[in-house]
Amino acid sequence: CERKEFQASKQRLLVVANRLPVSAVRRDDGSWHLNVSAGGLVSALLGVKEFETKWIGWAGVAVSDEIGRKELTEALAAKRCVPVFLDEEIVQQYYNGYCNNILWPLFHYLGLPQEDRLATTRSFQSQFDAYKKANRLFANAVKEQYEEGDVVWCHDYHLMFLPKYLKEENSKMKVGWFLHTPFPSSEVHRTLPSRSELLRSVLAADLVGFHTYDYGRHFVSACTRILGLEGTPEGVEDQGKLTRVAAFPIGIDSDQFIKAVKLPQVQDLIKELQGRFVGRKVVLGVDRLDMIKGIPQKALAFEKFLEENPNWHDKVVLLQIAVPTRTEVPEYQRLSSQVHEIVGRINGRFGTLTTVPIHHLDRSLDFHSLCALYAITDVALVTSIRDGMNLVSYEFVACQASKKGVLILSEFAGAAQSLGAGAILINPWNVSEVASSIGQALDMPADEREKRHHHNFKHVTSHTSQEWAATFVSELNDTIVEAQLRRTQ
Ligand code: G6P
């Protein structure tokens with residue numbers, strides 16, 4: 001009966017990601033409440049109109065009883081989602097361990113865990129085993145849903161074994177894999193004990209996508225240097241089998257933000273915030289509280305700016321929204337303490353009886369509040385030390401149609417390659433450079449701000465998430481057609 005949802009004429013797209021676009025919370029009476037996330041991937045896939053999309057992923061909760069699993073599966077089916085159930089031990093070893101303590105830092109050039117982050121090589125091995133086991137569970141879920149002719153799109157560093165497992169099961173399955181993080185230099189990737197297995201598993205896909213050309217180039221170099229395969233302008237070739245590798249820079253659903261800013265309730269919030277910060281310029285940071293976002297570096301640069309510019313004391317505020325994330329991983333707990341310590345020190349040093357220079361919030365904001373905040377901001381400050389793309393910079397630009405504020409953007413974010421001409425690019429490690437960029441942005445004449453904003457606005461509104469998803473999926477389809485043609489020639 002569930003299958004009837006799909007119109008016969010439409011091809012089906014199975015999207016497999018670690019997280020579903022819905023998180024499940026169990027009520028006291030045992031029933032399920034589903035929170036739908038309005039994340040980038042969800043809105044991107046709404047734009048892929050020629051396919052019927054179904055999601056397969058982890059619902060973010062451990063459910064051990066059969067009744068709970070059955071009821072959650074039914075509740076999710078109404079949202080076209082299929083849950084993969086992971087028990088607590090797997091979540092600890094696969095998600096907190098191998099994904100977020102090993103692959104995530106490595107892919108962002110933070111290296112492999114030191115002694116204090118990983119006690120023994122045995123635990124490395126057990127995390128790797130759990131990673132493979134979890135990937136197997138995702139593969140089994142795909143297998144159960146798959147029908148001939150479906151296209152399967154695997155997402156991110158959590159699922160690098162998935163293309164291999166799926167192709168072993170059915171070599172005709174159309175499989176694409178997209179990485180949402182950077183792929184590091186081959187010299188960094190080669191430090192990973194399981195470097196070859198991961199590369200070979202990804203290469204089983206028909207199409208492998210990255211946000212930037214550089215990430216794709218690093219991946220191809222890793223395959224040539226570590227596996228000894230041949231890199232071609234199209235991708236990587238292994239004994240006559242070509243895996244196409246290409247760049248597909250993601251965007252946002254810009255219309256959603258542009259329209260939201262015009263809503264009466266958002267306009268009310270804008271007025272309220274403007275009143276709250278009257279007489280002060282607003283510098284804004286919106287980040288998950290993650291090592292890669294360079295939040296300590298941002299606070300230190302702001303401190304230096306205040307130190308060097310006493311005339312700005314009391315006339316500027318840094319609003320930092322730091323969304324808690326992966327809170328069970330010790331490295332993230334340490335970061336949280338470090339950031340609080342730095343912010344407390346700066347506020348103690350430059351605060352007055354009535355104002356503090358940094359408003360730091362450990363929480364996320366609802367969509368409308370976020371849009372209002374973007375709209376009243378004078379300067380957005382993105383200091384990622386590495387970042388696959390950074391869509392906060394895109395969201396800020398989309399909400400600035402009337403204010404035309406300045407974007408200060410780390411050159412280590414993928415977005416620097418698309419918004420570089422309109423933003424002030426900085427090296428977040430260079431505290432003095434960031435501090436002087438803050439001054440430059442706050443003092444920038446209106447005509448220059450307008451010119452820069454116009455450049456970025458044009459890009460953000462013409463390179464949308466919908467277009468990104470449609471391009472990847474259509475290229476995945478074509479790649480297969482090409483491969484089949486080659487086989488029949
Ligand atoms: C990054 C990853 C995503 C991930 C998100 C949130 O953007 O590329 O795959 O979903 O962070 O992290 P979390 O661990 O909460 O899913």
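We count ligands from 1, going down the list as the structure has it; atoms in each ligand are counted the same way. Only this structure's heavy atoms are used, side chains among them; waters, hydrogens and symmetry mates stay out.
Between R26 and D65 there is a salt bridge, since a side-chain N of the basic residue sits under 4.0 Å from a carboxylate O of the acidic one.
A side-chain hydrogen bond (donor to acceptor under 3.5 Å, both in side chains) with Y332 is found for exactly one of N96, T325, D290, namely D290. Of the residues listed (F219, F248, F178), the one engaging H211 in a ring pair (Phe, Tyr, Trp, His ring centres under 6.0 Å) is F178, and it is the only one.
Of the options R326, R19, H180, H155, the smallest heavy-atom separation from atom 11 (O) of ligand 1 is shown by R326.
Residue contact check: D156 has heavy atoms under 4.0 Å from atoms 2 (C), 3 (C), 8 (O), 9 (O) of ligand 1. Listed by atom number, the atoms of ligand 1 under 4.0 Å from R288 heavy atoms are 1 (C), 11 (O). Set against the non-hydrogen atoms of H158, the atoms of ligand 1 under 4.0 Å away are 9 (O).
Ring geometry for F128 against Y98 counts as tilted: the plane angle lies between 30° and 60°, on a 0 to 90° scale.
Among protein heavy atoms, atom 14 (O) of ligand 1 sits closest to Y95 OH, 2.5 Å.
With rounding to the nearest 0.5 angstrom, the CG atom of L269 is 10.5 Å from the CD1 atom of I376.
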